[in-house]
Amino acid sequence: MLEVNYLRKNKEIAIQSLTKRNFDAVSIINEIISLDDERKKNQKKIDDLLSNSNQINKEIGQFYKKGEVENAEDLKIKSINIKSEVNKLLDSQKSIEHTLTDLLLQVPNIPNKIVNKGQSEKDNVIIIEKGSVPDLPEDKKPHWELAKEYNLIDFELGNKITGSGFPVYIDLGAKLQRSLISYFLDKNIMSGYKEYLPPHLVNSDSGYGTGQLPKFEEDLYKVEMENNPLYLIPTAEVPITNLFRNTIIKDNLLPIKCTAYTPCFRREAGSYGKEVRGLNRLHQFDKVEIVEIHRQEDSAKALDNMVSHVASIIEELSLPYRIMKLCGGDLGFSSSLTYDFEVFSAGQERWLEVSSVSNFQDFQANRMKLRYKNIEGINKLCHTLNGSSLALPRIFAALLENNQKKDRIEIPKILRPYMGLDYITK
RNA sequence: GGAGAGAUGGCAGAGUGGUCGAAUGCACUGGUCUUGAAAACCAGCGUACAGCAAUGUACCGGGGGUUCGAAUCCCUCUCUCUCCGCCA
């Protein structure tokens with residue numbers, strides 16, 4: 001959520017920048033500002049009336065103390081009149097504020113100045129392309145065939161117990177999954193991230209905090225409770241970032257760097273076909289996430305560091321990859337700048353997105369009132385960032401496909417200590 | 001699941017209808033003192049909105065109510081603690 005004051009001061013830049021997302025902000029921003037003017041005017045009236053009535057109430061107290069009941073009675077009537085006037089104003093103030101928040105929640109984050117205009121992922125820009133595609137034989141296979149052949153994943157069993165998009169990992173498949181999780185976490189911890197293991201269900205306040213609610217409720221699995229619903233997390237970003245919701249962090253505790261492994265649950269309604277084959281798109285998948293909280297002036301550099309960090313993980317797995325800078329049209333609602341990582345999965349001959357690293361600036365922080373007290377003692381909104389390090393299924397797929405040999409699948413060196421194996425055989 | 005107690009500033013903890021945005025202690029920040037530190041003493045020390053400012057307003061877990069006036073009384077929700085039961 002953007003701040004009204006920001007929009008006031010930077011109206012033209014904001015409108016201009018949002019066109020990069022193909023978002024026409026002219027009328028909504030004007031409406032927001034004029035509504036906020038109205039809000040201020042109304043609040044001023046309310047405050048003045050209340051000030052007046054506070055004064056009167058004090059006098060009533062004095063009169064009672066002195067036993068001058070008559071005088072007190074007169075003032076009571078005055079006070080009641082003021083009160084009814086205040087109540088009227090309060091009602092309209094509530095509806096103004098409600099509308100204002102509604103409008104603000106509809107405006108996406110301002111794209112960073114280095115983000116280019118674009119319609120869709122086709123307009124994303126390749127920043128880096130690295131690593132070599134393995135030389136595979138003619139009869140190379142996609143991962144869903146390899147997974148079956150080597151008995152690593154049973155997709156049908158998942159169908160039976162839950163539904164499509166819920167694979168069952170078996171034996172060395174399960175162990176490979178666990179090895180990847182451990183390796184990713186260890187790697188992150190070595191780089192200064194603190195490990196968390198958060199709940200996998202969150203309340204709606206948390207959903208609002210990171211921006212999944214109210215706009216994207218249909219993407220989430222919802223658990224109805226008697227009073228308040230809970231949501232299965234679509235990413236660890238939600239519980240981890242919300243750990244810091246509604247807090248004021250001391251300057252010397254920044255930056256905060258967290259990592260967490262969690263399963264992620266996504267409805268993915270409307271997805272079908274080749275795109276979702278095998279591990280390509282699931283309703284439940286494992287992911288290790290990194291979340292960082294920074295001073296405003298440090299977040300740009302922090303994003304670069306996160307990108308290098310994620311790149312180094314993929315390189316250690318010896319997977320060919322590329323980094324894409326997302327164009328305005330492909331940018332997530334809350335993000336101001338996002339880099340996507342894609343690995344080349346040679347069996348399918350496809351690029352698969354395995355990580356998305358974003359700087360949200362103060363967009364999430366404003367929603368969740370996450371602030372820090374800077375060295376001058378002034379409270380400022382933090383900048384939040386996060387990224388996958390990494391999403392497992394597509395890494396799993398690429399590892400199988402790229403490392404397939406005639407009669408075995410090779411395990412990358414970095415994972416061998418975790419697996420206790422150099423390769424998987426039938 | 002049953003019975004009871006409770007939720008106040010960073011923490012601890014007073015406050016049961018007006019003088020309370022809230023005592024006191026600790027923590028923290030600045031100063032005096034000191035070669036330096038500690039101790040002691042002095043001062044400051046919540047958040048948001050409006051305003052150039054003075055200042056005004058709101059907030060004592062959330063929401064609603066009673067009252068001229070609510071941290072304080074009533075209703076409700078959430079959460080925490082203690083005891084009993086159940087349980088990985």
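These numbers come from the heavy atoms of this one structure, side chains and all, not from hydrogens, waters or symmetry mates.
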Going by the salt bridge (Lys or Arg N to Asp or Glu O under 4.0 Å) test, which pairs reach into residues 368-388 of chain A, not counting sequence neighbours?
none
Neighbours of RNA chain B within residues 48-57 of chain A, by heavy-atom distance under 4.0 Å:
A:Leu50, A:Ser51, A:Asn54, A:Asn57
Expressed as a whole number of angstroms, how long is the span from A:Gln93:CD to B:A58:P?
14 Å
Using a 3.5 Å cut-off and no angle test, enumerate the donor-acceptor pairs between side-chain atoms of residues 171-180 of chain A and protein atoms at least two apart in sequence or in another chain.
residue: A:Lys175; atom: NZ; partner: A:Met419; partner atom: O; Å: 3.1
residue: A:Gln177; atom: NE2; partner: A:Asp286; partner atom: OD2; Å: 2.8
residue: A:Ser179; atom: OG; partner: A:Lys175; partner atom: O; Å: 2.7

Sub-4.0 Å heavy-atom contacts from residues 366-384 of chain A onto RNA chain B, ordered by number:
A:Arg371, A:Lys373, A:Asn379
Report yes if at least one side-chain N or O of A:Lys94 is closer than 4.0 Å to OP1 or OP2 of B:G64; otherwise report no.
yes
Which of residues 71-84 of chain A have a heavy atom under 4.0 Å from RNA chain B?
A:Lys76, A:Ser79, A:Ile80, A:Lys83
Within residues 331-342 of chain A or reaching into it, pairs that qualify as salt bridge (Lys or Arg N to Asp or Glu O under 4.0 Å) - sequence neighbours excluded:
A:Arg322-A:Glu342
Mind checking side chain to side chain donor-acceptor pair (under 3.5 Å) for A:Lys88 and listing every partner two or more places apart, or none if nothing turns up?
none
Could you check how far CG of A:Asp205 sits from P of B:G61, rounded to whole Å?
17 Å
For A:Asp47 and B:C49, give me the distance from atom CG to atom C1', rounded to whole Å.
8 Å
Set of side chain to side chain donor-acceptor pair (under 3.5 Å) partners for A:Asp36, sequence neighbours left out
A:Arg8, A:Arg39
Does A:Arg267 offer a backbone N or O that forms a donor-acceptor pair with the side chain of A:His283 under 3.5 Å?
yes
Non-neighbouring partners of A:Tyr193 that pass ring pair (Phe, Tyr, Trp, His ring centres under 6.0 Å), sequence neighbours left out
A:His309
Applying salt bridge (Lys or Arg N to Asp or Glu O under 4.0 Å) as the test, list every pair that has at least one member in residues 95-119 of chain A; sequence neighbours left out.
none
Centre-to-centre under 6.0 Å for A:Phe166 and A:Phe155, is that the case here?
no
Extract all donor-acceptor atom pairs below 3.5 Å that involve side chains of residues 194-203 of chain A and protein atoms in other chains or at least two apart in sequence.
residue: A:Asn203; atom: OD1; partner: A:Asp205; partner atom: N; Å: 3.4
residue: A:Asn203; atom: OD1; partner: A:Ser206; partner atom: N; Å: 3.1
residue: A:Asn203; atom: OD1; partner: A:Ser206; partner atom: OG; Å: 3.0

If you find the nucleotide of RNA chain B closest to A:Ile248 and the one closest to A:Lys58, which residue's nucleotide is nearer the 5' end?
A:Lys58
Any residue in residues 32-42 of chain A with a heavy atom nearer than 4.0 angstrom to RNA chain B? Just list them by number, or reply none.
A:Arg39, A:Lys40
B:U32 - base-pair partner by Watson-Crick or wobble geometry, distances under 3.5 Å
B:A40
